[in-house]
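Treat the numbers as computed from the prediction; the structure is a model and nothing was measured. Below, read A as the first sequence line, B as the second, and so on, with proteins coming before strands; counting in each chain starts at 1.
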Amino acid sequence: MIKRLIILSLVVILFLWISPASQAASDTIKIGLSAPITGNYAEFGENFNYAVQMAADKINAQGGINGKKVEIVVMDSKGDPRESALIAQRFVQDPNILAVIGDFTSTCSLAAAPIYERYGVVQLSPTASHPDFAPSGKYMFGIVGTQDAEGPFNAKYIAKEYLGLNSVAIIYINNDWGVVTKDRFAKAAQENGIKVTIEQPFFEGERDYNAILTKIRQTNPEGLFIAAMYNEASLICQQIRKMGWDVKLLAPSSVFSDSLLKLGGEAVEGLVTNTFFALNDPDPMVQEFIQEFRKRAGRDPNLHAACAYDAMLLLAEAIKKAGFDRKAIRDVLAETKGFQGVTGSITFTPVGDVVRKYKIMVVENGQWVIKKDYTRD
Amino acid sequence: MFFLQQLLNGIAQGSIYALMAIGYSIILGVVGLVSFVHGEVIMIGAFAGFYVLTFLYSNVLVALLAGFVATWALGMFIEKICYKPFRNAAREVALIATIGLSITLRSSAQIVFGTQQKFMPDMFGNRFFAVGDIRIAYTQVFVMLVVVALCIALRQLFFRTRFGIALRAVAMDKKAAALLGVNVNRTILFGNALACSLGGISGVLLGMYYNAVHPLMGATMAMKAFTSTVFGGLTSTTGAAIGGLLLGIFENLGVAFLSSGYRDIIAFLILIVVLLIKPSGLLGRKGVEL
């Protein structure tokens, strides 16, 4: 009787001693998700929510991380940088949150960055592509890739290897993005021995490209690199075909959209671009993701959803190796090499960015067709 | 060759500007006011043509007619709510009414038509013919032909019909015209509708020329029309036509020999220089004429 009492009291003491000290002893771990669930970007935030939850369910179905189930704590940033900073404040002060996925826009992610950095919590953004985001702190990671990766890929693999161009002209939209895109591509083209014949800017909302195109044509390039969004790019292609100019067309991933096919019609046939996530990717892992997403959301996943899905899987991998310590998670994450997700292979640069490899996509018979896939290399 | 090709691009573009500018100068002449809603009229015309071409699979002439009819009706509506009620009020009131209507139309268009740019087909596709090294697109020829035909028709209308003569009389002096038995109200109503329908046709042509329509396409176009009109001499339709043509040519040559970023700067520079040197414009005189 006394023996049983002693054992019971020992168990009680042990229990009381352990449980308040650390929640980690419980059987769930928490991951924060800061995303625009309402507001202008609600559609994208919703995609984040579906995709991250899907990844968490998949991990849990396989027994969780080191025996613990993953729980996603969703907070709505409304696409507002002030909100995302407040959310960061709440996440960092909750010791149960091991790492955070988010935010959607570069602006929101950048606003929250100093707070996560100060408290040493990983902020892994699936979509922030601003070149300043990942370098803004040790704990900031971006996986969507920036123009630093896209320009050289376009020059080397599309312009040189796929199209075999010796000379290329550039038409670009005169804003932050357009200038960066143009610069990175032009530099890489020259490094690959492709002559850049002319670089011509145009302003947002321009509709008549005849004069610019006639001017570019004078330089007689073999290819034309169009650094524009899909709506302007489709107009440019229309007007090129109207001029009866048979030039090879290539563009960054900004044109990868069904709308380009609708707006461009025949004029965009043969246009080459790059992407790292496509719905018609035959890879079984990608197809499984697409099917499951369709089942849950009732629509097709986009690039952002795929990135959010990979972000969760990536974090799970890191936690598996690092254990349940915020700093250790950061250190393991930073060393990620060749992680295979639905968006391809992910390897972090020293600043926490990803140099993406892409699929080469071509418009053929009004459809996007995958020509070559470098994402799995 | 390069120069001639750019000149041709400029003429095609300029002829559309000319058509807008003619409409603009008719409004100035008949109503006696600057209209801030003309850009939206152009946009509505473009969308009318777009829907006829896309959903009824009609030919371009029906599309032009649709643009004409839709904006004729819009022109009557504008007169009824922006000009007529304020004919005896201060001039600013009607001006502000047109600003308000333009914002309303633009925002409604974004709701009704969607904010996305839409692809507008034309029956010429990407066909062109070449003269030496110069390539002339069928669409460019079509645009120029339509504008020339309309200018000839307008000339006939102004000088050969009672309505045209009444329009010119009202433009010169409303009171004297009324004394001579011209129905001023009716003339203003139809004059404004005619001016708007010219804008509507130019909208359809614009859509066909660029293969795109957009709810915000009107704003810059209104600026171009206004510049052409000032350039040519405010209420002279011939002046407006020449102003539009020259503006198109200058813009294209500017892009060709300076930089593509200068297109809109050129329009503004022309506007400022003309206002400084010859405020009455190329063909403008004191008083009004159509």
No hydrogens needed, just list the donor-acceptor pairs between chain A and chain B under 3.5 Å.
| from | atom 1 | to | atom 2 | distance (Å) |
| --- | --- | --- | --- | --- |
| A/Q200 | OE1 | B/S260 | OG | 3.2 |
| A/P201 | O | B/S260 | OG | 2.3 |
| A/E206 | OE1 | B/R263 | NE | 3.4 |
| A/E206 | OE2 | B/R263 | NE | 3.1 |
| A/R207 | NH2 | B/H214 | ND1 | 3.4 |
| A/D208 | O | B/R263 | NH2 | 3.1 |
| A/N210 | ND2 | B/Y209 | OH | 3.3 |
| A/A211 | O | B/Q6 | NE2 | 2.8 |
| A/T214 | OG1 | B/N9 | ND2 | 3.1 |
| A/K215 | NZ | B/V255 | O | 3.3 |
| A/K215 | NZ | B/A256 | O | 3.4 |
| A/K215 | NZ | B/L258 | O | 3.0 |
| A/Y230 | OH | B/Q116 | OE1 | 3.4 |
| A/Y230 | OH | B/Q116 | NE2 | 3.1 |
| A/N231 | O | B/Q117 | NE2 | 3.1 |
| A/K242 | NZ | B/D122 | OD2 | 3.4 |
| A/K242 | NZ | B/N211 | OD1 | 2.6 |
| A/G244 | O | B/R135 | NH1 | 3.2 |

_A quick test of your reading: do over 12 heavy atoms of other residues, nucleotides or ligands sit less than 6.0 Å from NZ of A/K248?_
no

_Counting neighbours of CZ on A/R82 that are heavy atoms of other residues, nucleotides or ligands and sit closer than 6.0 Å, is the number greater than 12?_
no

*Within residues 183-190 of chain A, which positions have a heavy-atom distance to chain B below 4.5 Å?*
none

*May I ask you to check whether over 12 heavy atoms, not counting those of B/F268, lie within 6.0 Å of atom CZ?*
no

